*Asks:* 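There's a structure below that I have some questions on.
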Amino acid sequence: MSEAVLAPAAAVRRVPGRWADPALWLFAVLTILLVLLVANPILRLVWDSFHTADGAWSLDSYVQALGRARHLQALLNSLYLGAAVTVLALALGVPLALAVSRTNMPARGFTHLSVLAAFVMPNFLGAIAWILLAGPNAGWLNRLFIEVTGADKGPFNIFSFWGLAFVIALYTYPLIYVFTKSALDLVSTELEDAAAIHGAGKFQTMARVTLPLVLPSILGAAILIFLEAIALYGTPALIAIPARINLATTQLVSFFQYPLQVEQAAAFSMPILLLTVVMLALQRRLLARRGYVSVSGKGGERRPFDIGFWKWLLLGYSVLVAALAVVMPLVILILASLSKAWGRGLSPGNLTLANFHAIFFEQLTVRSALVNTVLYSATTAIICVTLGICVAYATQRRITPFPAFVQFLALAPVAVPGLVLAIGLYSAYAGPPFSLYGMGALIVVAFTTRFLPIAVAASSAGVRALNPELEEAVRVLGGGRLTVLAKVVVPLLKKTLVGAFVLVFVICTKELSTAVFLTGPASRVVSVLTLDLSEQGNYEILAAMGVVLVVIVTVVVAIGMKLAGRDFMLRRG
């Protein structure tokens, strides 16, 4: 009898403790990794802003960075630019979202694909294309105007404040479209029918019922556009600097010229960081109010409005936006890439394939930049998706201690503009003990830190939608947390993860702000090389490089659409 009693007791003593689960150790390592990726550069940025190069506590950096009229004017100019871009992006995105989601406009699929194409198009390539199109002297549109009208000069000048705002808006309006369309897709037609029963016309119903219901989402997207505009560096570097428009981002880069002034750059970035945090908090409050869009939560029945003749005007507008954002820039880039000298225009004697031959077989720098861009983007996307699903599973299922803190760390980079984050990463990892400056590893670290929130948000939404009973069944049969994650969660969320991979990959290929301070001669990416080639005036090679990059990204997006569905951009976290 005593042996029978002792046997179960011994078995109880042999039950492994909570910390014997290898999954817990894995998630603990992930937490430490998040601290290194996110907290370390941000804290180092704040530290440097309050210290001298020798490590002594001081406010001199703030006095130098914020005490000059030129620096304050740069901040004000960025605020003006953010407001102008936001207004233009709203004018582009909201009508297209209404047309695709709520009306019987023809070719709605074409409009949706044109928005996706504008998202895929790197903004720095769009800026180069519009320099070729609307440069004040040799721009093709101005030359066409002069030939047709006989005028002395053309009317277009992209090197101006509104030219800069126009180009930025062309490649940021897809965010307005995504937020607005996603919200409109939840609005039930029953609500609009109720307004019609009470005598409201179609446009009155849209103005007084439909748009107010989605206004929080529109304003939330507008805040993101504003923050993107004030933090963008690529397009301002190509257009604002030649136009002698001093902006916050171009001023930040000037601190990294000789002599190096990292502490002043950190201090100058603090107002931008604080503004971003405040605006994102406001955006979160606005989006938290969107629960009244639908009583059922599923949106109910949705029927497109028959808007009569207006549908053709909307179609014309959508074609115009597609032409401005995608068709015209791509055409000019292709023509320039096939030209011996882009300024000579389109003629048989000016056509050549030598530019493509040069970037593949002669220009080692360009070929290396293309390879680096694809390699770093793919590596970053894989790491982000892997970390994202692990963090999402650990926090949503509350496996790791302090899940709210872990999720906050993973999402915190959203509140840090790319250029500001790059300064923090430079301070944290460029020197000893890491000494990663100029290495590809630092670019991957920077991209991973910046875009991890995309994968975490997408994965968290997917994990929340899974029934935990599926996972518990595996646990009952003896499977551990890692088995559940690998055999159940990942296969079920395959489309979500593929969509996150494509999004991160595409955005990495376009990223310049984070990379501009961190690349070296051997780790240069296409976005950074674009600035160098544009300064040299080598637009033919630059255009060929851009065309190859667009083809690569388009192929990746096409594969992603095949695997994850056409609307992977519209999946909301």
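The structure presented is a predicted model; accordingly, all values stated were derived computationally and were not measured.
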*Asks:* Filter on ring pair (Phe, Tyr, Trp, His ring centres under 6.0 Å), then keep only pairs touching residues 411-449, sequence neighbours left out; what's left?
*Replies:*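 Qualifying pairs, neighbours excluded: F256-Y426, Y426-Y437, Y429-F434.
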*Asks:* One pair to check against side chain to side chain contact (heavy atoms under 4.5 Å, CB included): E228 and I168. What are the steps and the verdict?
*Replies:* CA-CA 9 Å; E228 175 73 11; I168 296 176; 5.9 Å; no
*Asks:* May I ask you to check whether S337 and N355 show a side-chain donor-acceptor distance below 3.5 Å?
*Replies:* no
*Asks:* Mind listing the closest non-hydrogen atom pair of L333 and A129 along with its distance?
*Replies:* CG-CB, 4.0 Å
*Asks:* Give a yes or no answer on whether the side chain of N142 reaches the backbone of G135 with a donor-acceptor pair at less than 3.5 Å.
*Replies:*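 Yes; at least one donor-acceptor contact below 3.5 Å.
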*Asks:* Please say which of V557, V120, I507, L563 ends up in a side-chain contact (heavy atoms from CB on, under 4.5 Å) with V502.
*Replies:* V557
*Asks:* About how many Å separate CG of L338 and CG of L351, when rounded to the nearest 0.5 Å?
*Replies:* 6.5 Å
*Asks:* So that I can tick it off, tell me whether E511 and R450 are bridged by a salt bridge, with the cut-off set at under 4.0 angstrom between side-chain N and carboxylate O.
*Replies:*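 Result for this pair is yes, salt bridge flagged.
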*Asks:* Please give me the minimum heavy-atom distance between S534 and L542, naming the atom from each residue.
*Replies:*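 Reported closest heavy-atom pair: N-CD1, 3.7 Å.
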*Asks:* Show the nearest heavy-atom pair for residues M121 and P329, with the distance to one decimal.
*Replies:* CE-CB, 3.9 Å
*Asks:* Give, for atom CG of N538 and atom OG1 of T530, the distance between the pair rounded to the nearest 0.5 Å.
*Replies:* 11.5 Å
*Asks:* Check whether T379 reaches the backbone of L375 with its side chain - one donor and one acceptor, N or O, closer than 3.5 Å.
*Replies:*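 Yes.
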*Asks:* Checking side-chain contact (heavy atoms from CB on, under 4.5 Å) between L324 and each of V319, V167, L170, which is the one that passes?
*Replies:*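 Per the side-chain contact (heavy atoms from CB on, under 4.5 Å) rule, the option paired with L324 is L170, out of V319, V167, L170.
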*Asks:* Could you tell me which non-hydrogen atom of I239 sits nearest to which non-hydrogen atom of I158, and how far apart they are?
*Replies:*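 For I239 and I158, the tightest heavy-atom pair comes out as CG2-O, 3.2 Å.
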*Asks:* Would a 4.5 Å heavy-atom cut-off, applied to side chains only, mark T509 and V526 as touching?
*Replies:* no
*Asks:* Is the terminal nitrogen or CZ of K510 (NZ for Lys, CZ for Arg) located under 6.0 angstrom from the six-membered ring centre of Y171 and within 45° of that ring's axis?
*Replies:*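 Output no; distance or angle outside limits.
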*Asks:* Given 3.5 Å as the limit, does a donor-acceptor pair link the side chain of T395 with the main chain of A392, or not?
*Replies:*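 Yes, because the side chain of T395 sits within donor-acceptor range (under 3.5 Å) of the backbone of A392.
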*Asks:* Decide yes or no for L512 and V525: does some side-chain heavy atom of the first lie under 4.5 Å from some side-chain heavy atom of the second?
*Replies:* no
*Asks:* The test is side chain to side chain contact (heavy atoms under 4.5 Å, CB included); show your working for N246 and Q251 and say whether it passes.
*Replies:* CA-CA 7 Å; N246 192 27; Q251 185 61 54; 3.2 Å; yes
*Asks:* Under a 4.5 Å cut-off applied to non-hydrogen side-chain atoms, are F255 and H71 in contact?
*Replies:* yes
*Asks:* Testing W130, Y173, F159, F161 one by one against F166 for a ring-ring contact (aromatic ring centres under 6.0 Å, His included), which residue passes?
*Replies:* W130
*Asks:* Grab the two heavy atoms, one from I272 and one from A248, that are nearest each other, plus how far apart they are.
*Replies:*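 Heavy atoms only, the tightest pair is CD1-CB, 3.8 Å.
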*Asks:* CG/L96 to OG1/T111 distance, rounded to the nearest 0.5 angstrom?
*Replies:* 6.5 Å
*Asks:* Considering all heavy atoms of both residues, which atom of A65 and which atom of Q264 are nearest to each other, and what is their separation?
*Replies:* CB-O, 3.5 Å
*Asks:* Indicate yes or no: at least one non-hydrogen side-chain atom of N40 is less than 4.5 angstrom from one of V35.
*Replies:*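 The answer is no; the side chains never approach within 4.5 Å.
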*Asks:* Between the main-chain N or O of G520 and the side-chain N or O of S523, is there a donor-acceptor pair closer than 3.5 Å?
*Replies:* yes
*Asks:* Counting neighbours of CZ on F356 that are heavy atoms of other residues, nucleotides or ligands and sit closer than 6.0 Å, is the number greater than 12?
*Replies:* yes
